[in-house]
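The structure appears right after this line, and notes come after that.
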Number of protein chains: 2
Amino acid sequence: MDEFVSTFTNRLDSKGRVSIPAPFRSVLMRDGFEGLYCCPTLDQNAVDAGGNRLREQIRAMLALFEPFSEDHELLSTTLIGESEILRVDPEGRVALPEAIKAHAGIGDTVTFVGQGYKFQIWEPERFLAYRAEAKNRVRELRRRLGGRREAGGAE
Amino acid sequence: MDEFVSTFTNRLDSKGRVSIPAPFRSVLMRDGFEGLYCCPTLDQNAVDAGGNRLREQIRAMLALFEPFSEDHELLSTTLIGESEILRVDPEGRVALPEAIKAHAGIGDTVTFVGQGYKFQIWEPERFLAYRAEAKNRVRELRRRLGGRREAGGAE
DNA sequence: TGGGAGAACATGGGCGTCAATGGAATCGAG
DNA sequence: CTCGATTCCATTGACGCCCATGTTCTCCCA
């Protein structure tokens with residue numbers, strides 16, 4: 001499997017370390033990136049994580065802008081400056097830095113959420129709330145899609 | 001790793017020396033440039049720093065303008081004339097010259113901000129303000145891009 | 001079909017190494 | 001000889017690596 005799928009919740013130990021779920025580890029291995037690339041999300045209190053494929057996405061986005069342009073600087077400050085490359089220990093764990101824990105409101109447990117080419121790291125409670133919210137939005141979206149096909153615009 | 005990633009804050013000692021963060025040092029090493037190339041940013045109270053890749057970008061940027069044109073002269077005066085090449089001591093430290101400290105308002109701590117092919121040097125407080133601003137601008141920017149693919153956020 | 005052996009994985013903690021920092025020693029130029 | 005700059009050394013604290021433990025899941029066999 002080359003995509004991050006499913007959701008896992010693990011505990012941090014006294015040193016702030018947490019095991020990356022084994023299925024995610026094997027995806028990372030295959031991806032080839034040494035370490036775990038982590039980038040805070042802009043709109044949620046969560047963190048995007050992954051390997052080369054995630055970095056590639058970020059690089060592609062930056063490539064849309066001219067170096068030294070204001071937009072390029074803003075993006076690189078936000079996307080790259082706030083990112084961290086975490087070392088994965090021989091047991092498959094990472095130590096979450098303070099900045100990340102603070103951003104995501106993480107205490108002693110974290111939830112890993114697979115999202116294909118990347119996964120997210122959440123504080124479990126916050127993730128449940130977000131997921132519930134997301135579900136509602138999707139229901140609504142589906143209603144709209146349904147209407148479109150049947151009536152050509154039941155709105 | 002061949003890119004400057006993440007943010008670090010270090011202290012200056014009584015001689016005005018400061019350690020370049022170890023991950024940045026290894027990028028510089030790989031880049032091959034002897035020393036640290038520093039040039040004041042155009043529109044911020046900060047300093048761009050890096051090695052050959054940064055110099056290459058500056059060269060490329062200047063190449064966008066007609067040689068001997070007024071714009072070209074202005075840019076080269078600022079970008080090249082105000083640049084400094086700092087020597088890195090055996091422990092991986094540099095001594096920040098007065099001109100740079102003045103321009104960036106640096107006191108006894110500095111923040112290093114990775115931006116891919118280069119990194120920036122900031123006075124910590126000023127950087128926090130800039131980062132907050134940058135985050136807002138990027139959010140806004142992303143909204144405008146709309147349907148475009150993105151790397152930094154959840155969808 | 002139930003039980004047991006084994007493997008894989010999450011977790012806990014001890015120890016060595018390296019990076020950041022401070023300060024002393026040395027070198028070079030005026 | 002003195003001042004400034006550069007190199008050398010020493011300390012401390014964080015972090016990476018190693019080994020140990022327990023739990024769950026799987027697979028095999030009775």
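We use all heavy atoms of the structure for the numbers below, so side chains are in, but hydrogens, waters and symmetry mates are not. In what follows, chains carry the letters A, B, and so on, assigned in the order in which the sequence lines appear, proteins first and then strands, with residues in each chain numbered from 1.
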In whole angstrom, what separates [X]'s [atom1] from [N]'s [atom2]?
| X | N | atom1 | atom2 | value |
| --- | --- | --- | --- | --- |
| D13(A) | dC17(D) | CG | P | 15 Å |
| F8(B) | dT21(C) | CZ | C1' | 17 Å |
| R11(B) | dA19(C) | CZ | C1' | 15 Å |
| F112(B) | dA19(C) | CZ | P | 15 Å |

Look at R25(A) and dA10(C) and indicate whether a side-chain polar atom (N or O) is within less than 4.0 Å of OP1 or OP2.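 It does, given that an N or O in the side chain of R25(A) lies less than 4.0 Å from OP1 or OP2 of dA10(C).
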Report yes or no: do R55(B) and N52(B) form a side-chain donor-acceptor pair below 3.5 Å? no
Please list, pair by pair, any protein nitrogen or oxygen found under 3.5 Å from a nitrogen or oxygen in nucleotides 27-30 of chain C.
none

To the nearest 10°, let me know how far the axis at one end of the helix from dT1(C)-dA30(D) to dG30(C)-dC1(D) is tilted from the axis at the other, five pairs an end.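 Here the helix ends are tilted 30° relative to one another.
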Under 3.5 Å, sequence neighbours excluded: what are the donor-acceptor pairs made by side chains of residues 102-110 of chain A?
residue : atom : partner : partner atom : Å
H103(A) : NE2  : T41(A)  : O            : 3.3
H103(A) : NE2  : Q44(A)  : O            : 3.3
H103(A) : NE2  : A46(A)  : O            : 3.1

Locate the shortest heavy-atom distance separating G81(A) from T7(B); write the atom from each residue and the value. O-OG1, 2.6 Å
Between V18(A) and A22(B), name the one whose nearest nucleotide on DNA chain C is closer to the 5' end. V18(A)
Go through the structure and list residues passing ring-ring contact (aromatic ring centres under 6.0 Å, His included) with F65(A), not counting sequence neighbours.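 None.
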Tell me whether E123(B) contacts the main-chain N or O of R126(B) through its side chain, where contact means a donor paired with an acceptor under 3.5 Å.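 Side chain of E123(B) to backbone of R126(B): a pair is present.
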Hey, is the main chain of E3(A) close enough, under 3.5 Å, to the side chain of R53(A) for a donor-acceptor pair?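 Not confirmed, R53(A) side chain does not pair with E3(A) backbone.
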Are V27(B) and V18(B) in one and the same hydrophobic cluster, where Ile, Leu, Val, Met, Phe, Trp and Tyr link if side-chain heavy atoms are under 4.5 Å apart?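 Yes; V18(B) is reachable from V27(B) via cluster members.
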Tell me, for nucleotides 4-15 of chain D in 5' to 3' order, what letter each nucleotide earns: B for a base near a protein heavy atom under 4.0 Å, S for only sugar-phosphate near one, - for neither? --BBBB------
Salt bridge present between R143(A) and E140(A) (N-O < 4.0 angstrom):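 No.
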Sorted by first residue and then second, give each salt bridge (Lys or Arg N to Asp or Glu O under 4.0 Å) pair with at least one member in residues 25-39 of chain A; sequence neighbours left out. none
Look at atom CD of E91(A) and say whether more than 12 heavy atoms of other residues, nucleotides or ligands are closer to it than 6.0 Å.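 For E91(A), atom CD is crowded (more than 12 foreign heavy atoms under 6.0 Å).
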